[in-house]
Protein chains: 2
Amino acid sequence: MTRPVQHRRVTIVDVARHAQVSTTAVSKVLRNAYGTSPSMREKVHQAIAELGYRPSAAARGLRGQTYTLGVMVPDIANPFFPEVLDGVTSWLRDTDYQVLLAPGCAGELAEAKTIDSMIDRSMDGIILIAPVSPRAHLEHVAGTIATVIVGRHARSTIFDTVADDDIAGAALVVDHLVSLGHRRIAHIEHLETEPSCIEEMPNMVRAEGYRRAMRRHGLQAEIDVVSRTYTREGGFTGARELLDRPRRPTAIFAGADIAAMGALEAVAQAGLSVPGDISVAGYDNTPFATFSQVSLTSVDQAGRQIGADAARLLLERIADRARRSAQITLSPTLVVRGTTGPPPAG
Amino acid sequence: MTRPVQHRRVTIVDVARHAQVSTTAVSKVLRNAYGTSPSMREKVHQAIAELGYRPSAAARGLRGQTYTLGVMVPDIANPFFPEVLDGVTSWLRDTDYQVLLAPGCAGELAEAKTIDSMIDRSMDGIILIAPVSPRAHLEHVAGTIATVIVGRHARSTIFDTVADDDIAGAALVVDHLVSLGHRRIAHIEHLETEPSCIEEMPNMVRAEGYRRAMRRHGLQAEIDVVSRTYTREGGFTGARELLDRPRRPTAIFAGADIAAMGALEAVAQAGLSVPGDISVAGYDNTPFATFSQVSLTSVDQAGRQIGADAARLLLERIADRARRSAQITLSPTLVVRGTTGPPPAG
DNA sequence: ACTGTCGTGGGTAACGTTGCCCAAATGTTT
DNA sequence: AAACATTTGGGCAACGTTACCCACGACAGT
């Protein structure tokens, strides 16, 4: 039964004393800065190991770096985001940076609070995934802290962006469905309740891509969009509305797998079969879509790659805040599975 | 085109000057400490608002509190954890605390690194979900930082625990299957590669609960456990092994929904129907299980409640580090759905 | 009038780290 | 041999906040 004594934390001063050098020396070794001899490095490293010293991020933060990167995800329950996160962390594996996730940011207000809290904690940089804040606010944030924005189709001089080509992704789905013989193809989009900087958001671009592709195929008269959210609930009610139409669509393209999931439920509940009576496609190619009982046709936007690129850009921007901004656009691919097929005859 | 000037951060000194009071006064108002008159509070609050002041967590951390709580999750892709997290954040909604998530902790080494990084960042407290570290290490951590452990069936004087009664949960599944007429009920368990403090882990307790329930029904001869991991892959290969048995089980109880998902795939791939040829049950009652196309019978362990309890205990422990430790055990319930039914005749 | 007590406010020294500067010793060029 | 460059190490002052003290005036009870 060891007594849980409250030890005072080992500091750089303890290490310096133990290694018989100055605190400056220890600090230099820690940051492998200029002006350290091999023998000194040796002594210091040994002292660090013997005392089990760990630098205080708080004290470092007060002076500058914290070696902490923040990632904001809009919805932790959406299975697409873990994949992006995985890309981020695996890119940072061999660095000194620690990634921390800020969860639960529903709405512009909560998002601003979350971003502020990351700034307050002196993080070295942040990755914002599909933020809903107005453009001007993002610019302001990026002026304060190194920032990479994922998903938004924006171009700024002070932040970098990584996004999927949502126009192309939506076109892949429409092209696929048209080539199967569909004409009445409907879309379930995500609509923010607070309308700010709409046209930059990935969901809006997907809807626009759908419309353009439909027009390209001469199907402008068949364009049919219902506005919900990218959630199971949104997909469910959206699909139900579509199924109640006098001329029911023969295919539903949901802007996200999680919405497609809800749509599939609505279709099943209506007693219709997939893809016999109606085809359903999603977006994101989440693990759920690959599940063989579901086998959802979906657009793959390479979440891991997005995450890795975002991490890389963030490190570059931390190293040089004034460097030219970069915009990376990744090309999506279509993964055809069992939920899409030819429309019913007649 | 606003020029992105690098503003110096607004500090407590600026606020003090602007409000014509001392920094001490501002600090007191911020923490609503003793010794502030209403008029002073008024002045300070106005100055804070006018300057847009935000306290630096780094500086606060150096002195004591950071108002930051850390949550470690073992696997961000497992859909059960978002639910727990949701419970945590909703309980903390109206407090000054910010929750940060530390992702990706596969294995004991990565876990230790993650915990250390939270301690380095002077977090006020941490919630560890199903940690795999040895008992002694957890005690040591809890001696350094306020700690609540979720999932482990442990009892300590210095950390609190919240767990589901996994023995009872496993029994619910076995009882249900037996009442349907099953006898050959197999179990897919999760086995850590690094074997430390095995018997405390929820997965091991579930397996033990399965064994006890089988014995209670006089089915000790039918006990059949395959060891994998709580992943889709683990469930898939585990189920395949079970299906290849000369005397194939009539029911499979996977220790987690995500493993049950893999098991369902293996069953489908073997050309068997659920629940006609074989029944499948899971654990956690994740959103996936509720999906009507899957309709997985599963044990609900009230993730939101677990998270809320953990948050509450953590705040209590932060307020009083010496208080008696608490152990909360929640009773699971069984949600019967479509993947379980009577065994095939003969 | 004299001692306490209370309410109100401020001064100051940390907390642990790092960037800037300077000093001494050593090596290199003219 | 003198002048200069380079390497090696340390002193010191921040960074922004808070806990601990002390000072002052007002007011109550002797």
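By convention in this document, chain letters (A, B, ...) are assigned in the order of the sequence lines, proteins followed by strands, and residues within each chain are numbered from 1.
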Legend entry - Shortest non-hydrogen contact between A/Phe159 and A/Arg135, atoms and distance: CZ-NE, 4.0 Å
Does the side chain of [X] get closer than 4.0 angstrom to OP1 or OP2 of [N] through an N or O atom?
{"X": "B/Ser37", "N": "C/dG9", "result": "yes"}
{"X": "A/Tyr67", "N": "C/dT18", "result": "no"}
{"X": "B/Tyr53", "N": "D/dT17", "result": "yes"}
{"X": "B/Ser22", "N": "C/dG10", "result": "yes"}
{"X": "A/Arg9", "N": "C/dG16", "result": "no"}

Set out, line by line, the N/O atom pairs under 3.5 Å between protein and nucleotides 19-23 of chain D.
unit_1, atom_1, unit_2, atom_2, d
D/dA19, OP2, B/Arg31, NH1, 2.1
D/dA19, O4', B/Arg63, NH2, 3.0

Legend entry - Any A/Glu316 side-chain heavy atom under 4.5 Å of A/Leu314 side chain: no
Inset, instruction - Applying side-chain hydrogen bond (donor to acceptor under 3.5 Å, both in side chains), name anything that partners B/Thr329, two or more places apart in sequence or on another chain. - result: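 B/Thr329 satisfies side-chain hydrogen bond (donor to acceptor under 3.5 Å, both in side chains) with no residue once adjacent residues are dropped.
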Legend entry - Under 3.5 Å donor-acceptor, A/His137 side chain and A/Ser133 backbone: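 Here the side-chain-to-backbone pair does not exist.
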Legend entry - Nearest-angstrom distance from the residue atom CG of A/Leu62 to P of C/dT17: 12 Å
Inset, instruction - Starting from P on C/dT18, measure out to CD1 on A/Ile12 and report it in whole angstrom. - result: 5 Å
Inset, instruction - Determine the contact category for A/Val26: base if any of its heavy atoms lies under 4.0 Å from a base atom, sugar-phosphate if only primed atoms, P, OP1 or OP2 are that close, otherwise nothing. - result: nothing
